[in-house]
Amino acid sequence: MAESNFVDYVKIYCRSGKGGRGSMHLRHVKYNPNGGPDGGDGGHGGSIYLRGNHNYWTLLHLKFQRHVFAEHGGNGGRDKCHGKDGKDIYIDVPCGTVVYNAETGKYVCDVTYDGQEVLLLKGGRGGLGNFQFRSATNQAPRYAQPGEPMEEMTIILELKLLADVGLVGFPNAGKSTLLSAVSSARPKIANYPFTTLEPSLGIVDYRDHKSFVMADIPGIIEGASEGKGLGLRFLRHIERNSLLLFMVPGDTDDIKKEYEVLLNELRQFNPDMLDKHRVLAVTKCDLLDDELCEMLKEGLPDDMPVVFISSVTGKGIAELKDVLWQELNAESNKLQGIVSEDVIVHRDKDMSRFAAELAAEGEDEIEFIDDDDIEDIDELDDFEYEEDGDGK
């Protein structure tokens, strides 16, 4: 993964800008010795926004951006001069990015479509100058407001690919081969386990110029929830999928047992994923004859569609597309997606496995740097006077 450009997990320290302090100034010039208060307001601090951008498909551009600081608001001045407002910061992220609080694991926000703007940290409001506090009974107020403090948070950005069908299977089950056969995607294919080290997306063409998106993730093995193999770190990419396609090779000793093992690993990762519609594809059927395929159907689960396919010869591919399209557009699948969409998105992060996730992603702790651009406030300088040419 060190040489890969697919980055789906980053940790960033963000800090908005503080508001500028209001000015406490009394106007005293020639021909107008009792000019009264004219201290201006402080500027607002800059805010930090997240913005969806369809031109990005990974978080690679944020991998080495460990700190994001918004600009502070300027202080108010004499003659009712308003302080400069701090510049807002926009963090562009790919669609499907979920944000968590790195300290508590709480869900913060979600960016799902292009152009969506989400306020992450609000900048501090600027303080009012003494000009704002003048009144008939207090014509020379000698006080002003300080600016509101800044907000800070260490966040975790997780990318969850947006796809319709997610492929689930053991290593060398034929997932990458199927994706290359039904779409223009070209994932790495080889005859050894864990060939796929990063998720891949492919657009599958269907009849009448229709299409759907299929997501391939690295294979999972028994005990992946305990950290074996590549663990469950890539299962987040099929959390949003409305349909799961389980793939088990036809030359397996017990197809139903392997399917139950995969189902149990999904249950360990997120029990809500078991509510999704499922389809079972028995792969590598070019090694089996028709009689053996009929015998295997008797021991397979009967609560979901089962299709025998061969990505090399094309056997059963058209039937598989029909089944997937039918399940994707089933009325029960649409209703279930509406009900469970918020449940999956708003699930808080399990902090008990957080340290292991950071180690798997190669993330180090963020070193917090000193704020060099904060000006020291001279508490003794409570009054400012403008002198005329005579020094009065």
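Values below: all heavy atoms of this structure, side chains included; hydrogens, waters and symmetry mates excluded.
Tyr13 is not listed as a side-chain neighbour of Arg66, based on a closest heavy-atom distance of 4.5 Å or more. No side-chain heavy atom of Val307 sits under 4.5 Å from any side-chain heavy atom of Leu280. Side-chain contact between Ile255 and Glu258 is absent, with no heavy-atom pair separated by less than 4.5 Å. Using a 4.5 Å heavy-atom threshold, the side chains of Ile156 and Val99 count as separate.
Residue Asp303 qualifies as enclosed at atom CG: its count of foreign heavy atoms under 6.0 Å is above 12. When the shell of 6.0 Å around NZ of Lys315 is examined, it contains more than 12 heavy atoms from other residues, nucleotides or ligands. No more than 12 heavy atoms of other residues, nucleotides or ligands lie within 6.0 Å of CD1 in Ile203, so this atom counts as exposed by the packing criterion. In this structure, Glu117 places its CD atom where more than 12 heavy-atom neighbours from other residues, nucleotides or ligands lie under 6.0 Å away.
Here Arg125 pairs with Glu148 in a salt bridge; the nearest charged N to carboxylate O distance falls below 4.0 Å. Asp205 and Lys210 are not joined by a salt bridge, as no carboxylate oxygen comes within less than 4.0 angstrom of a charged side-chain nitrogen. Salt bridge Arg278/Glu327: absent, no basic N to carboxylate O contact under 4.0 Å.
The backbone N or O of Gly96 sits nowhere less than 3.5 Å from a side-chain atom of Thr112 that would complete a donor-acceptor pair. Under the 3.5 Å distance criterion, the side-chain polar atoms of Asp92 are left unmatched by any main-chain donor or acceptor of Asn53. In this structure a side-chain-to-backbone donor-acceptor pair under 3.5 Å is missing from Asn264 to Glu260. Not one N or O on the side chain of Asp41 forms a donor-acceptor pair closer than 3.5 Å with the backbone of His82. Distance alone, capped at 3.5 Å, is enough to place a donor-acceptor pair between the Thr283 side chain and the Ala173 backbone.
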Review point. Should Leu243 and Val279 be marked as a side-chain contact (heavy atoms from CB on, under 4.5 Å) after you check the CA-CA gap, both sets of side-chain angles, and the distance that decides it?
Key: CA-CA 8 Å; Leu243 177 64; Val279 175; 3.9 Å; yes
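Across Met153 and Asn101, no two heavy atoms sit closer than the pair CG-ND2, 3.9 Å. Minimum interatomic distance between Glu152 and Leu121 (heavy atoms only, all atoms of both residues): CA-CD1, 4.0 Å. Across every non-hydrogen atom of Ala70 and Gly17, the tightest pair is CB-N, 3.7 Å. Counting all heavy atoms, side chain and backbone alike, Pro94 lies closest to Tyr56 at CB-O, 3.2 Å. For Gly126 against His44, the heavy-atom pair with the smallest separation is N-ND1, 3.2 Å. Contact between Ser16 and Gly46 at its shortest, heavy atoms only, is CB-O, 3.4 Å.
Asp164 and Ser242 share no donor-acceptor pair across their side chains, judged by distance under 3.5 Å alone. For the residue pair Tyr259 / Asp254, no side-chain donor-acceptor distance below 3.5 Å is found, with atom types taken as modelled. With 3.5 Å as the limit, one finds a donor-acceptor pair spanning the side chains of Thr313 and Ser310.
For the pair Lys321 and Tyr206, the NZ or CZ position fails the cation-pi test of under 6.0 Å to the six-membered ring centre and within 45 degrees of the ring normal. For the pair Arg267 and Phe269, the cation-pi test (distance below 6.0 Å, angle within 45°) is failed.
Ring geometry, Phe133 versus Tyr143: the interplanar angle falls from 30° to 60°, so the pair is classed tilted.
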